[in-house]
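The block underneath contains the structure these notes are about, expressed in structure tokens.
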Amino acid sequence: MDVVQLLTRIKSLVQISRDEMSRYYDGWDRNDRIYRGERGPDEDDKMAAKRKEPMKFILPITYTQVNTFVSFALSVFNQNPYFYQVAGTGVEDEGAAKVAQALLEQNLEHNNFRYQKLKQFLTDVAKYGVGVFKHSWRRDVVMVKQTVQAPMAALTPGLEPIMETKEIMVPKTDYLGNWIVCVTPFRFLPDPRLPLTRFQEGEFCASEDEYSRGQFIDFEKQGLCAGVEWIPDLAQDQMVDRRHFGILNDIKPSPIMTRQKMYIINTEVQVWLNPAKTTVGGEPIDSTRDELVLYVIWYANDARITRIEELDYPHHKFTFAVAQYEEDLINFINEGMADKLGPMQDVVDWLINSRITNVRKVISNQLLVDPSGIEIQDLRDRKPIIRLKPKVQGTGTLDRWVKQLPISDVTTGHLQDINFIKDYSQQTTGITDNLLGQISSGRRSAQEMRSVNNNAATRVLATLNAIWYSALLPNGRMMLENLRAGVDEPTVVRVFGQQNSLEAQQGIQHFMTVQPGDLVGDYDFLIFDGTLPSQRDAQATILQQLLEMVMGNPQAALIFGYDPQLLISAILELRGIRNAEQYKLTPQKTQQLIQLGEIGRNLLGGGAPPGGGGGPQHGGNKPAPQVAGRHPAPAGPPGRVQGASPNGAVHPAMPGGLG
């Protein structure tokens, strides 16, 4: 098999995927137009625009439902300080787990993942039923100035050269880690012989993107591809089954060749090949490996292979992560939220637009006119004064010549029908008024409101759990394996809390340098926390009530066995407070507070007066009552807190100075 045969084989695999995927393009385009509210004006709309009347439109039910789903999903997925929470299997692995957790978060922040790319991914899941991520390993290098000592030319032969300070440009790694992109379903080409839930078991998985020739020349300089000068122009018939490419935007017959020269459509195919039986240039890729190996192949404009390279990621999987709105394990691709709402959206749009049309007719002032009695041109010109013809002037029979046409409004019930369909659409998707932020009528207690919110979110949480375990968690696992194998130089990451150093505990955030060996350990991701923000707030409230009870009666802490410090940490974590350790007292700070307390008592005259001073004072003060079985504690020496140990710390067994 030579290069031409390899290209033919790869293109045939991609074509069977394109034939299957293109069956969904029309429906996805329709969903996108409805979501965006795009509707072409008809003749009635054009006439209405001239008369400055409202045109027909798409009622944004799908837009509202999709965006509510996305915002709810973002609040659930982003509620924790770290998107991926990692825990060690043992105490000795906790350090490596925390470093891996922080490094993953640093990668996500660099990719603007939490709110930009994740939002696009979730929107695709709701609109099209399919959301796709693709990751790759990236090393960004920038040139920075560095001051060095360099020798000048020797003034005299045999003498030591004179050193001078110079500034030179040296390469420096700006970013080293995973790079994540969102792949639109229109450009995603999986193996159609398996359901999309099993795409990782397929023979291949591909995606397409468009670049300028200048970008491809830069790729060639980086060593990513070769033979860019031999890439032919894109033919017009090659765009038949493709959608949403720049070359298809506003194509006109005259500049078509110019636009084709500007674009290169690159098809990236990740495919399992046997390198011992796959030849390039007449020689096997690797005659020593008679096994299936995952390779990445680029071909440009459906005409030339520009890259053949082993995809040697440590996870040995396709670098895609795919989620669906419905996880049916049998169908190739399942419907999305917009597909479910489509028929109801059509009925609602027809109801509201038919009402607009009917009301327009009612108020358009249609008249019955006898042209023998009035000047009809005055009516056509909409003049404020309508003239009678001379033969009927003075007769006093004005109603004979002009009369309003009686038209009844038959669409008064349409608004009620729209509300019914809207309520039914919410039952279909689970996006109820509570998730929309709207409170239903009627009085409810706080407990009833929490129960309603939890029950309303149950159906949506089931979908989010499926999205997490089908795409987000596998994507995190692959990214973590890439980090463990690819971080080959020190990398600075930001860590919140849980640091050993005193400086880290006192700071809001801590920057630490991660060495490649810091990631070595046995750890894994925690189970997805699908707790709602409202549920976390309710948990924090319960723990706060328990803390107040323990602090009100310190003996309760010993009776029930609850640690107030752990309760405070849990409350702050549930409230979303990052790095609560910065507020904790250090031993040095504790000593300072104790000393300040002693000084304050001395300045204010605290402590018992010398000699016991038990008599009543002027003004009616009475002596303190004696406690049975106890005696007043003797006054300590000046500068010492009553009941304090010699080093100044208050003894816990002696509250208030009593033994």
Side-chain angles (χ1 to χ4, degrees), residues 1-18 134-141 171 179 181 183 187-191 203-242 244-248 255-289 292-313 318-320:
M1 180 185 295
D2 58 11
V3 177
V4 176
Q5 293 175 331
L6 178 61
L7 176 61
T8 303
R9 176 191 171 189
I10 296 301
K11 287 179 61 177
S12 65
L13 291 176
V14 172
Q15 189 60 42
I16 63 173
S17 178
R18 197 188 311 279
K134 183 175 73 172
H135 73 268
S136 59
W137 187 253
R138 182 163 175 167
R139 186 191 298 268
D140 293 336
V141 178
W179 182 251
V181 295
V183 180
R187 303 185 185 183
F188 179 57
L189 300 166
D191 192 337
E203 181 183 357
F204 72 97
C205 194
S207 65
E208 292 186 325
D209 211 337
E210 56 186 338
Y211 301 94
S212 66
R213 287 190 174 270
Q215 288 175 298
F216 244 77
I217 293 174
D218 188 56
F219 290 158
E220 188 173 28
K221 291 180 180 179
Q222 299 176 26
L224 295 177
C225 61
V228 177
E229 68 274 13
W230 304 107
I231 298 176
D233 295 336
L234 190 68
Q236 186 174 2
D237 58 357
Q238 292 175 308
M239 303 302 299
V240 174
D241 294 331
R242 289 183 167 103
H244 299 276
F245 282 87
I247 192 174
L248 295 174
I256 181 64
M257 294 305 298
T258 303
R259 294 182 65 84
Q260 288 175 327
K261 290 179 179 296
M262 293 171 56
Y263 286 91
I264 291 178
I265 293 184
N266 182 57
T267 306
E268 176 182 315
V269 186
Q270 300 177 14
V271 59
W272 291 94
L273 297 175
N274 189 325
K277 299 178 181 179
T278 304
T279 59
V280 176
E283 297 292 335
I285 297 177
D286 189 348
S287 59
T288 63
R289 302 179 66 181
L292 287 178
V293 180
L294 187 58
Y295 275 82
V296 56
I297 297 177
W298 287 6
Y299 65 86
N301 288 349
D302 294 343
R304 183 176 182 84
I305 291 180
T306 59
R307 180 185 182 186
I308 302 176
E309 186 179 357
E310 181 181 352
L311 196 67
D312 56 348
Y313 286 98
F318 301 133
T319 61
F320 297 91

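Since the structure is predicted, the reported quantities are computational estimates derived from the model, not experimental observations. The chain is numbered in sequence order, starting from 1.
A distance of 13.5 Å separates CD1 of I297 from NZ of K11, quoted to the nearest 0.5 Å. One distance of note links CD1 of I10 with CG of L273; it measures 5.5 Å at 0.5 Å rounding. With rounding to the nearest 0.5 Å, the separation of CD in E210 from CD in Q215 is 9.5 Å. Here the CZ atom belonging to F320 is positioned 4.5 Å from the SG atom belonging to C205, to the nearest 0.5 angstrom. Here CG of D302 is found 8.5 Å from CD of Q15. Values are rounded to the nearest 0.5 Å. In this structure, CD1 in I231 is found 12.0 Å from CD1 in I265, a value given to the nearest 0.5 Å.
Annotation: salt bridge (charged side-chain N to carboxylate O under 4.0 Å, His left out) contacts involving residues 303-313, sequence neighbours excluded, comprise R289-E310, R307-E309.
Between V228 and F216, the shortest heavy-atom contact is CG2-O, 3.6 Å. Smallest separation of non-hydrogen atoms from L13 and F204: O-CZ, 3.1 Å. Here the shortest heavy-atom pairing between N301 and P232 reads ND2-O, 2.7 Å. Counting all heavy atoms, side chain and backbone alike, V183 lies closest to S207 at CG1-CB, 4.2 Å. Taking each heavy atom of Y313 and W137 in turn, the nearest pair found is OH-N, 2.9 Å. Across all non-hydrogen atoms, the minimal contact from A276 to P284 is O-CB, 3.7 Å.
Two rings, from Y263 and F245, have their centers 6.0 Å or more apart.
Salt-bridge annotation for D209 and K134: absent, with no side-chain N of the basic residue lying under 4.0 Å from a carboxylate O of the acidic one.
Residues that satisfy the side chain to side chain donor-acceptor pair (under 3.5 Å) test with T267, not counting sequence neighbours, are E208. Checked against side chain to side chain donor-acceptor pair (under 3.5 Å), E203 has the following partners two or more places apart in sequence or in another chain: R9, R193.
In this structure, the side chains of Y295 and L311 stay at 4.5 Å or more apart for every pair of heavy atoms. The shortest distance between side-chain heavy atoms of T306 and W230 does not fall below 4.5 Å.
Between F219 and Y211, the two ring planes are perpendicular [angle over 60°; tilted spans 30° to 60°].
Side-chain N or O atoms of S17 include one that pairs as donor or acceptor with a backbone N or O of P190 at under 3.5 Å.
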* Kindly indicate, with the supporting measurements, whether the criterion side-chain contact (heavy atoms from CB on, under 4.5 Å) is fulfilled by I308 and L6. => CA-CA 10 Å; I308 302 176; L6 178 61; 3.7 Å; yes

